[in-house]
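First the proteins, then the strands, lettered A, B, ... as listed; each starts at 1. The analysis underlying the following values was restricted to heavy atoms, covering all of them including side chains, and did not include hydrogens, waters or symmetry mates.
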Amino acid sequence: MHGSVDGVAQADLAHNAAQLRAEVKKLSFYYGTSQALKSVDLPIVDRQVTALIGASGCGKSTLLRCFNRMHDLYVGNRYEGSITLYPENLDIVGPGVDPMLVRLRIGMVFQKPNPFPKSIFDNVASGLYIRGVKTRAIVEQRVEQSLRQAALWEEVKDRLHQSAYGLSGGQQQRLCIARALAPNPGLILFDEPTSALDPIATAKIEELVDQLRLNYTIVIVTHNMQQAGRISNFTAFMHLGQMLEYAPTKQFFTAPEHPKTQEYITGRFG
Amino acid sequence: MVSQSHATAAADPFEVSEAFLKRRRLVDLTMRCILFLAASLSILVTAGIVYVLVSEAAHFFAQVSIVDFLTDTQWTPVFQEKHFGIMTLVSGTLMTSAIALIVAVPAGTILSIYLSEFAQPQVREAIKPILELISGVPTVAFGYFALLFVTPLFQTFIPGLSGFNLLVPGIVIGIMILPFIVSVSEDAMRAVPNSLREGAYALGFTRLQTSVRVVIPGAFSGITAAYILGMSRAVGETMVVAIAAGQQAKIAVNPLEGAATITAYIVQISLGDLPHGSIAYLTIFAAGLTLFVITFLFNILAFWLRRKYREVY
Amino acid sequence: MTEQAIVTQEAQARALSDDEIVRKAHRSETRFALIGLTVLIVTMIVLMALIVDFAIDGMARIDRDFLTSFPSRRPGEAGILSAWVGTALVILVTAAMAVPLGVAAGLYLEEYARTNWITDLIEINVSNLAGVPSIIYGLLALGLFVQTFQLGQTIFVAGLTLALLILPIIIVATREAVRSIPLEIREAAYGLGADKWQTVSGYILPAARPGILTGAIVGMSRAIGETAPIITIGALTFIAFLPPSPIQSTFPYVNADWLNSPFTVLPIQMFNWISRPQAGFHVNAAATGLILLAMTLLMNGLAIWLRYKIRKGIR
């Protein structure tokens with residue numbers, strides 16, 4: 001555990017100048033009695049892409065789902081430590097913090113495309129409806145804007161009121177991205193967004209993530225190291241619920257410090 | 001694309017206001033309470049049933065001793081010389097239910113094994129809706145069928161079968177509860193994991209041997225629950241016996257003759273115009289309480305058994 | 001003989017009859033399949049006999065006059081006008097009460113309830129209510145609504161009684177429909193910041209609608225055919241008039257007086273005619289039964305078809 005703190009601390013020093021959008025400090029997480037995260041530290045730099053990598057079961061998805069308190073949907077889960085969201089200075093996992101409030105500020109794109117069984121338009125507008133935005137003109141404008149941002153507008157503009165289930169898998173995932181973008185969240189979580197997609201659709205999503213960085217802070221879980229290398233600015237490596245190494249992506253892949261990281265990126269395990 | 005920086009975050013048009021959040025929380029809480037009340041209503045219904053049956057039956061038992069109620073062998077509440085032996089009605093109910101089970105248990109077991117283990121999926125998909133249709137037939141239609149079709153038919157080859165009898169309603173009830181027994185026990189059989197079946201096949205068992213030695217024991221509590229629930233339905237079935245079993249309250253020994261059941265008696269009294277609070281009026285609540293207790297015990301036992309097999313797999 | 005010799009001998013004896021074992025197994029398999037098929041066919045013959053019996057006895061009696069006449073002492077002149085109007089109105093009341101209540105209760109149990117003793121109690125209770133004989137609901141209505149609350153033997157009381165009776169059916173159907181909605185839909189809604197009610201009303205309920213509809217149709221069909229609880233509240237009377245119309249020509253154009261009107265329904269009218277000795281009334285009963293059968297079979301068929309469509313949609 002000491003090794004990990006050192007690694008994170010160094011990276012922290014190097015990028016202290018950058019503005020943070022969120023900061024994970026000594027976060028532990030328990031599914032009932034089994035501990036899934038062990039005192040994790042992680043800075044999330046504003047308007048950059050942070051990738052979480054590691055072997056399956058290492059806790060990367062668990063960590064991601066702490067950011068929007070997704071674990072609260074199921075009983076018996078428990079957090080310790082903190083995740084501070086800036087500039088609000090809100091402790092996401094703090095006691096008494098309404099998970100709904102957190103989710104209103106943080107968007108999420110899931111592993112499998114999960115559009116609602118509704119029209120394309122209503123899918124994208126969902127986040128606005130949930131926030132009580134009902135003015136037709138605003139909703140329409142924002143739906144178009146989000147679909148454009150998600151590079152889907154041209155493909156669906158003539159069938160906005162048809163079911164989202166008529167779209168291909170890759171289109172559905174971009175629709176889910178548009179849905180997450182529409183309410184303009186400061187931070188967007190991607191949970192292995194391309195694991196259910198073919199290579200062409202994957203390339204499109206990656207390109208999209210690259211574009212979105214200009215306006216949004218992104219945390220992405222990926223099981224694919226090449227993907228992390230291609231799209232992220234910072235990479236964090238997790239192993240058995242611990243944060244072993246965090247560094248700018250380039251440095252991470254060229255000069256990893258932790259021996260486990262070296263093993264992982266050279267393909268000796270995982 | 002509008003670039004969003006920290007400074008403008010507060011001016012975000014999609015930032016939710018405190019007032020909106022407050023209203024939303026209020027709606028959420030209100031709906032939670034409303035839904036909870038709706039769910040609790042079901043408890044109120046049971047409480048209402050118990051209250052009505054027990055309070056009216058209490059008036060009855062203030063006038064009739066419970067020992068007489070349970071041991072007398074005559075039931076003549078509307079006659080000059082009154083007797084209140086519930087066992088007469090219970091015997092009629094038990095006779096029809098027993099006949100129903102004699103029909104439905106073997107047929108239901110065979111059918112559910114056939115559907116769950118032997119039939120092709122397409123056959124199963126075609127058969128189950130037909131069984132469902134049977135359970136959708138109104139009971140009064142089965143009553144008509146029993147009295148005016150099955151009884152005359154059976155009279156042609158069963159000498160001594162009265163126009164009102166217990167045999168035919170029993171058989172008809174058996175057919176009525178068959179779909180139910182099949183659906184519950186097939187459900188239980190399908191819950192038996194395939195690995196157990198494969199284990200049996202690997203030993204060289206045939207499908208039939210697998211069904212009898214592996215699937216049935218594996219689904220035992222579920223199948224038992226099906227029989228018990230079927231029994232409970234047979235005991236509570238009303239219109240078929242009210243129409244085709246006759247209204248004479250006596251200890252039922254001969255299924256070829258008619259006799260009143262608990263449910264048929266309640267219908268019979270309800271048809272008349274009895275003054276509220278009279279002893280005959282109170283008898284239907286005493287009879288109803290008896291019926292409720294019997295079915296309640298069956299239902300709880302079945303619930304427990306079904307929960308048990310769900311836990312196992 | 002040594003032990004080994006015995007084993008070898010046994011093995012030989014068995015090896016010799018392997019063929020026979022297989023043949024015997026096939027025979028018993030076939031025999032069982034035949035028995036199963038026979039039971040199936042007999043069951044279907046009974047259902048067919050029931051339908052055909054009603055058709056033969058009653059088909060000829062169904063005509064315009066039969067549907068537009070009141071009951072009468074002369075079987076040839078009697079009709080089911082008051083009965084089918086009564087059935088329609090009672091079912092309206094039943095649906096209006098049972099569907100919202102049942103859906104709400106089902107949603108609570110599936111989406112909100114934590115596992116504690118109250119939830120356990122409600123669950124056992126619903127399961128028990130589903131098995132309570134319908135006539136007991138009639139006694140509840142007689143003791144509580146008719147005697148204690150003095151509501152009378154009205155359309156409202158009958159509708160309310162049947163609503164309580166089919167409540168478990170709708171609760172169970174709602175729970176099953178809600179349970180079949182994939183977790184991802186829920187997570188997507190919560191992930192957008194929806195609270196529980198927004199998730200349930202905006203995303204879960206619309207997706208569960210076909211399943212709930214199926215349950216509601218089955219429940220309605222059950223209520224249409226129920227006889228015993230309505231007899232118990234004392235509604236078996238000679239009704240040769242219609243309830244006041246729900247619609248009127250003067251303001252406010254709707255009228256709730258019909259709720260407090262005496263009534264009769266199809267199964268009651270049918271039971272009444274079965275109990276008469278004259279064969280003419282039995283024909284009327286068969287005709288009424290045929291109409292009842294057609295209604296309930298059609299509704300159940302619709303529900304089965306809907307369920308089939310849902311299942312195909314999921315796959």
Contact part of [X] toward chain C, heavy-atom cut-off under 4.5 Å: side chain, backbone, both or neither?
{"X": "Leu37(B)", "value": "neither"}
{"X": "Ile130(B)", "value": "both"}
{"X": "Leu115(B)", "value": "neither"}
{"X": "Ile110(B)", "value": "both"}
{"X": "Phe296(B)", "value": "both"}
{"X": "Arg233(B)", "value": "side chain"}
{"X": "Ile127(B)", "value": "side chain"}
{"X": "Ile175(B)", "value": "side chain"}
{"X": "Tyr281(B)", "value": "side chain"}
{"X": "Leu147(B)", "value": "side chain"}

Are [X] and [Y] within salt-bridge range, i.e. N to O under 4.0 Å?
{"X": "Glu132(B)", "Y": "Arg307(C)", "answer": "yes"}
{"X": "Arg307(B)", "Y": "Asp120(C)", "answer": "yes"}
{"X": "Glu123(C)", "Y": "Arg175(C)", "answer": "yes"}

Pair Thr206(B)-Gln209(B), side-chain donor/acceptor within less than 3.5 Å: yes
Asp53(C) side chain to Tyr144(B) side chain, donor-acceptor N/O pair below 3.5 angstrom: no
Any idea which of [options] has the most non-hydrogen atom pairs under 4.5 angstrom with chain B?
{"options": "Leu121(C), Thr148(C), Leu129(C), Leu167(C)", "answer": "Leu129(C)"}
{"options": "Lys196(C), Met299(C), Glu111(C)", "answer": "Lys196(C)"}
{"options": "Leu164(C), Val132(C), Val22(C), Ile224(C)", "answer": "Val132(C)"}
{"options": "Met295(C), Glu226(C), His282(C), Arg222(C)", "answer": "His282(C)"}
{"options": "Val103(C), Ile118(C), Ile136(C)", "answer": "Ile136(C)"}
{"options": "Asn300(C), Leu292(C), Thr227(C), Leu107(C)", "answer": "Thr227(C)"}

CD1 on Ile262(B) to CD1 on Ile135(C), rounded to 0.5 Å: 10.5 Å
Separation of Arg24(B) CZ from Asp195(C) CG (nearest 0.5 Å): 4.0 Å
Chain B contact via [X] - side chain, backbone, both or neither, heavy atoms under 4.5 Å:
{"X": "Ala286(C)", "result": "both"}
{"X": "Ile304(C)", "result": "side chain"}
{"X": "Ala223(C)", "result": "neither"}
{"X": "Ala49(C)", "result": "both"}

Any heavy-atom pair between the side chains of [Y] and [X] that's under 4.5 Å?
{"X": "Leu50(C)", "Y": "Leu293(C)", "value": "yes"}
{"X": "Tyr108(C)", "Y": "Ile34(B)", "value": "no"}
{"X": "Leu291(B)", "Y": "Ile294(B)", "value": "no"}
{"X": "Phe145(C)", "Y": "Ile233(C)", "value": "no"}

Members of residues 234-241 of chain B whose heavy atoms come closer than 4.5 Å to chain C: Gly236(B), Thr238(B), Met239(B)
Could you tell me which of [options] has the largest number of non-hydrogen atom pairs under 4.5 Å with chain C?
{"options": "Pro179(B), Ala38(B), Gly288(B), Ser40(B)", "result": "Ala38(B)"}
{"options": "Leu53(B), Leu111(B), Leu41(B), Thr30(B)", "result": "Leu111(B)"}
{"options": "Ile284(B), Val172(B), Leu289(B)", "result": "Ile284(B)"}
{"options": "Ile43(B), Leu178(B), Thr139(B)", "result": "Ile43(B)"}

Atom of Leu162(C), atom of Pro229(C) and distance for their closest heavy-atom approach: CD2-CG, 4.2 Å
Taking every non-hydrogen atom, the tightest pair across Thr199(C) and Ala194(C): OG1-CB, 3.5 Å
Atom OH of Tyr51(B) with >12 non-hydrogen neighbours under 6.0 angstrom: no
Residue from Val146(C), Thr161(C), Leu139(C) passing side chain to side chain contact (heavy atoms under 4.5 Å, CB included) with Thr232(C): Leu139(C)
Parallel, tilted or perpendicular, as decided by the 30° and 60° cut-offs, for the rings of Phe145(B) and Phe142(B): perpendicular
Can you list, pair by pair, the side-chain donor-acceptor contacts under 3.5 Å of residues 29-45 of chain C, counting residues two or more places apart and other chains?
| unit_1 | atom_1 | unit_2 | atom_2 | d |
| --- | --- | --- | --- | --- |
| Glu29(C) | OE2 | Arg207(B) | N | 3.0 |
| Glu29(C) | OE2 | Leu208(B) | N | 2.7 |
| Thr30(C) | OG1 | His26(C) | O | 2.6 |
| Thr38(C) | OG1 | Leu34(C) | O | 2.6 |
| Thr43(C) | OG1 | Val39(C) | O | 2.6 |

Cation-pi, Tyr112(C) ring and Arg32(B) (6.0 angstrom, 45 degrees): no
